[in-house]
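Comments concern the structure below.
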Amino acid sequence: MPARTVRLTGWGRVSPSSAELACPATVAAAAAMLARGTAELSGGGSAARGAAAKAHSGVIPRGLGRSYNNAAQCAGGVVISTAGLNRILDLHPATGLVTCEAGVSLEQLMVAGLPAGWFVPVSPGTRQVTVGGAIAADVHGKNHHVAGSFARHVRSVEIVLPSGETRTVTEQSDPALFWATAGGMGLTGLIVRATVQLKPVATSRVRVDTVRAADIDQTMAVLAEHDRRYGYTVAWSDSLARGGSLGRSVITSGDFAEPGDLSPADAKDPFAFRPGARLGVPPGFPPGLINRYTVALANEAWYRRAHRSRSGEIQAIGMFFHPLDAIRNWNRVYGPGGFRQYQYVVPFGAEAAVRRSFELVSQARAPSFVTVLKRFGAGDEGLLSFPMAGWTLALDFPARTPGLAGLFGSLDRLVVEAGGRVYLAKDSRVPADVLAEMYPRLAEFRKLRAELDPAGILASDLSRRLGL
Ligand SMILES: Cc1cc2nc3c(=O)[nH]c(=O)nc-3n(C[C@H](O)[C@H](O)[C@H](O)COP(=O)(O)OP(=O)(O)OC[C@H]3O[C@@H](n4cnc5c(N)ncnc54)[C@H](O)[C@@H]3O)c2cc1C
């Protein structure tokens with residue numbers, strides 16, 4: 001299938017770059033495409049192909065483009081989209097073991113699994129993420145404190161290596177490659193298939209308790225307590241609140257409901273899941289609408305509207321796990337300038353750093369529309385996997401916010417000093433030397449990459465900036 005040159009961005013719509021976009025329709029075609037790119041880029045073909053290779057540089061996989069910046073872009077090279085690799089090959093109703101192509105989305109897994117009582121083991125804040133992208137970023141969800149990140153539930157991956165070889169990898173057969181691929185941001189090869197253990201659920205609804213916390217200390221105390229009581233928990237915080245209200249939050253926690261929790265109407269279809277049509281942002285939406293004044297007003301309204309405390313509310317999967325998915329292209333509300341997300345994790349014991357980060361953001365009057373605080377459980381073996389036991393905070397800012405670069409620099413220093421790190425799937429600007437301080441196993445990752453891909457065939461705009 002011929003590739004076409006396209007301009008790509010991530011979800012934050014900053015840092016566009018152009019590449020040839022290839023959309024193989026089968027796993028065999030995808031493998032052949034990477035093998036061909038490999039031969040060309042390593043100069044393994046004719047002299048003419050070798051020369052053509054110089055014009056081309058690099059190949060990177062792409063799923064649904066939900067990483068925030070340019071992890072799935074490759075300026076001047078080839079981007080292999082897995083959009084055509086979207087078949088579920090086997091879903092065992094008794095065990096919940098699913099084998100699928102890498103372009104299958106988490107939403108597809110929900111649609112296929114829920115009627116038999118199976119849900120994805122880990123869900124990020126959007127279900128419009130592919131299985132390949134979930135493994136490559138080793139994504140986490142509201143249940144990280146009990147379930148870990150996505151890779152923990154992956155039983156095997158089939159991966160086309162930069163050498164052109166297709167290999168089935170499990171944690172047992174090749175732990176080094178498995179844990180370089182989990183969180184490896186597509187830089188070890190093209191994942192073409194995976195087998196994942198789904199999670200059993202008794203219904204498709206969540207029984208949710210909501211608590212309002214007046215400040216950051218209370219927020220952290222409630223989150224710690226809720227980690228012991230609930231399978232899923234997260235705080236939506238007010239990033240602009242100051243003084244005694246610094247870090248005030250609404251904390252929602254829950255677990256999948258039992259059939260007896262459902263209303264008679266819901267009980268008729270306990271596994272109902274209707275992703276349905278979603279609203280879109282109108283084309284003429286004014287871009288400057290997300291600013292410190294509107295975000296402060298929205299935060300105030302949303303904090304006041306939340307119940308001081310409410311328990312046992314039954315929510316659908318979309319409302320609890322993916323509220324932002326209700327608006328198809330909500331990233332467009334930031335206008336053509338786009339937006340930048342900053343997500344860090346710092347270890348437990350660094351609560352003062354969490355508090356300080358809220359101070360830095362509110363003092364800068366930087367309007368983060370989506371501000372989410374959560375506690376992670378232990379991290380996994382992924383060399384570049386983001387989660388570690390501790391506090392994680394995600395912030396979204398319009399890219400044109402004055403003083404943003406200085407704020408991010410201050411946050412970087414705070415995070416490094418606290419022994420933490422930023423999330424590569426969200427990052428758009430961390431300097432390479434700072435990243436090295438954040439990821440202690442980066443050298444191991446680079447060494448494995450050098451052995452696996454000596455010609456540097458796999459490359460993304462992200463990997464070039466950070467020398468991954
Ligand atoms: C609204 C929203 C909420 C989010 N919430 C969370 C959250 O709660 N937790 C969390 O962890 N993340 C979250 N994310 C980030 C998202 O889960 C990750 O960035 C995920 O990797 C996106 O998957 P994708 O299929 O869109 O991959 P892309 O964005 O297309 O690619 C991401 C990376 O995966 C690689 N990749 C993709 N497919 C393959 C493949 N087949 N083989 C090898 N490498 C591949 C790419 O090269 C790239 O490096 C959120 C994103 C959005 C937009």
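Just so it is clear, the values below take in all heavy atoms, side chains as well, and ignore hydrogens, waters and symmetry mates. Atoms within a ligand are numbered from 1 in the order they appear, just like the ligands themselves. Because the structure is a prediction, the values reported are computed rather than measured.
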Exercise for review: Using distance alone, with no hydrogens and no angle criterion, decide if Thr371 and Ser237 have a side-chain donor and acceptor under 3.5 Å apart.
Suggested key: no
Review point. Would you say ligand 1 has an N or O under 3.5 Å from any N or O of Arg66?
Key: yes
Point to revise | Subset of ligand 1 atoms that lie under 4.0 Å from at least one heavy atom of Ala425 | key: 19 (O)
Review point. What part of Ile60, side chain from CB on, backbone N/CA/C/O, both or neither, has a heavy atom under 4.0 Å from ligand 1?
Key: side chain
Review point. Does ligand 1 have an atom that lies less than 4.0 angstrom from a heavy atom of Phe386?
Key: no
Point to revise | Atoms in ligand 1 flagged as close to Ala136, the criterion being non-hydrogen separation under 4.0 Å | key: 34 (O), 35 (C), 36 (N), 44 (N), 45 (C)
Practice item. Starting from the C-alpha separation in whole Å, work towards a yes-or-no answer on ring-ring contact (aromatic ring centres under 6.0 Å, His included) for Phe397 and Phe408. Key: CA-CA 11 Å; Phe397 301 102; Phe408 285 158; 5.8 Å; yes
Practice item. Examine the side chains of Thr252 and Thr210 and answer whether a donor and an acceptor come within less than 3.5 Å of each other. Key: no
Study note, to complete from the structure: Ranked by distance from atom 5 (N) of ligand 1, the top protein heavy atom is Gly125 N, 3.0 Å
Exercise for review: Around atom 7 (C) of ligand 1, find the nearest protein heavy atom and jot down its residue, atom name and distance.
Suggested key: Pro124 CB, 3.3 Å
Revision key, fill the gap. One finds that the ligand 1 atoms under 4.0 Å from a non-hydrogen atom of Tyr423 are 10 (C), 11 (O), 12 (N)
**Study point:** Where ligand 1 meets Ala102 - atom numbers and elements under 4.0 angstrom, heavy-atom basis
**Key:** 41 (N)
Point to revise | Within-shell test, Lys426 vs ligand 1, heavy atom, strictly < 4.0 Å | key: yes
**Study point:** Whether Ser368 side chain and Asp396 backbone form a donor-acceptor pair below 3.5 Å
**Key:** yes
Practice item. For Ala71, take its heavy atoms, then give the atoms of ligand 1 lying under 4.0 Å from any of them. Key: 47 (O), 48 (C), 49 (O)
Check your understanding: Would you say ligand 1 has an N or O under 3.5 Å from any N or O of Ser123?
Key -> no
Revision key, fill the gap. for atom 20 (C) of ligand 1, nearest protein heavy atom and its distance come out as Gly133 O, 3.8 Å
Practice item. Before signing off on this row, confirm whether Trp11 and ligand 1 have an N or O atom pair separated by under 3.5 Å. Key: no
Review point. Which option out of Gly132, Gly183, Gly189 puts a heavy atom nearest to atom 43 (C) of ligand 1?
Key: Gly189
Exercise for review: Apply ring-ring contact (aromatic ring centres under 6.0 Å, His included) to the pair Phe119 and Phe273, showing each step before the final yes or no.
Suggested key: CA-CA 11 Å; Phe119 187 62; Phe273 174 60; 7.9 Å; no
Revision key, fill the gap. for atom 18 (C) of ligand 1, nearest protein heavy atom and its distance come out as Val139 CG1, 4.0 Å
Review point. Does a side chain donor of either Thr166 or Glu158 reach within less than 3.5 Å of an acceptor in the other side chain?
Key: no
Exercise for review: Check the side chains of Arg465 and Ser15 for a donor-acceptor pair under 3.5 angstrom, ignoring hydrogens and angles.
Suggested key: no
Exercise for review: State whether the shortest distance between N or O atoms of His140 and N or O atoms of ligand 1 falls below 3.5 angstrom.
Suggested key: yes
Exercise for review: Ignoring hydrogens, just give me the one of Thr82, Asp396, Thr126 whose non-hydrogen atom is nearest atom 3 (C) of ligand 1.
Suggested key: Thr126
Point to revise | Side-chain ion pair, Arg429 and Asp412, N-O less than 4.0 Å | key: yes
**Study point:** Heteroatom distance test (Met185, ligand 1): nitrogen or oxygen, under 3.5 angstrom
**Key:** yes
Exercise for review: Describe, in one word, how the ring planes of Tyr423 and Phe386 are oriented to each other, choosing from parallel (under 30°), tilted (30 to 60°) and perpendicular (over 60°).
Suggested key: parallel
Check your understanding: Any chance the side chains of Asp90 and Thr99 put a donor and an acceptor closer than 3.5 Å?
Key -> no
Review point. Among protein heavy atoms, which sits nearest to atom 42 (N) of ligand 1, and what does the distance come to when rounded to 0.1 Å?
Key: Ile191 N, 2.9 Å
Review point. Considering only heavy atoms of Pro61, which atoms of ligand 1 have at least one such atom less than 4.0 Å away?
Key: 39 (C), 40 (C), 42 (N), 43 (C), 44 (N), 45 (C), 46 (C), 47 (O)
**Study point:** Test: Glu451 and Lys447 ion pair at under 4.0 Å
**Key:** yes
Point to revise | Atoms of ligand 1, numbered as shown, that sit under 4.0 Å from any heavy atom of Trp330 | key: 1 (C)
Exercise for review: Give a yes/no verdict on whether any heavy atom in Gly65 is under 4.0 Å from an atom of ligand 1.
Suggested key: yes
Study note, to complete from the structure: The protein heavy atom nearest to atom 23 (O) of ligand 1 is Val129 CG1, 3.4 Å
Point to revise | Ligand-side contact atoms (ligand 1) for residue partner Ala137, heavy atom cut-off under 4.0 Å | key: 21 (O)
Point to revise | Residue that, paired with Gln108, satisfies side chain to side chain contact (heavy atoms under 4.5 Å, CB included) out of Val98, Val131, Asn86 | key: Asn86
Check your understanding: Does the side chain of Ser428 pick up a donor-acceptor pair with the side chain of Arg340 at under 3.5 Å?
Key -> yes
Exercise for review: Describe, in one word, how the ring planes of His140 and His144 are oriented to each other, choosing from parallel (under 30°), tilted (30 to 60°) and perpendicular (over 60°).
Suggested key: perpendicular
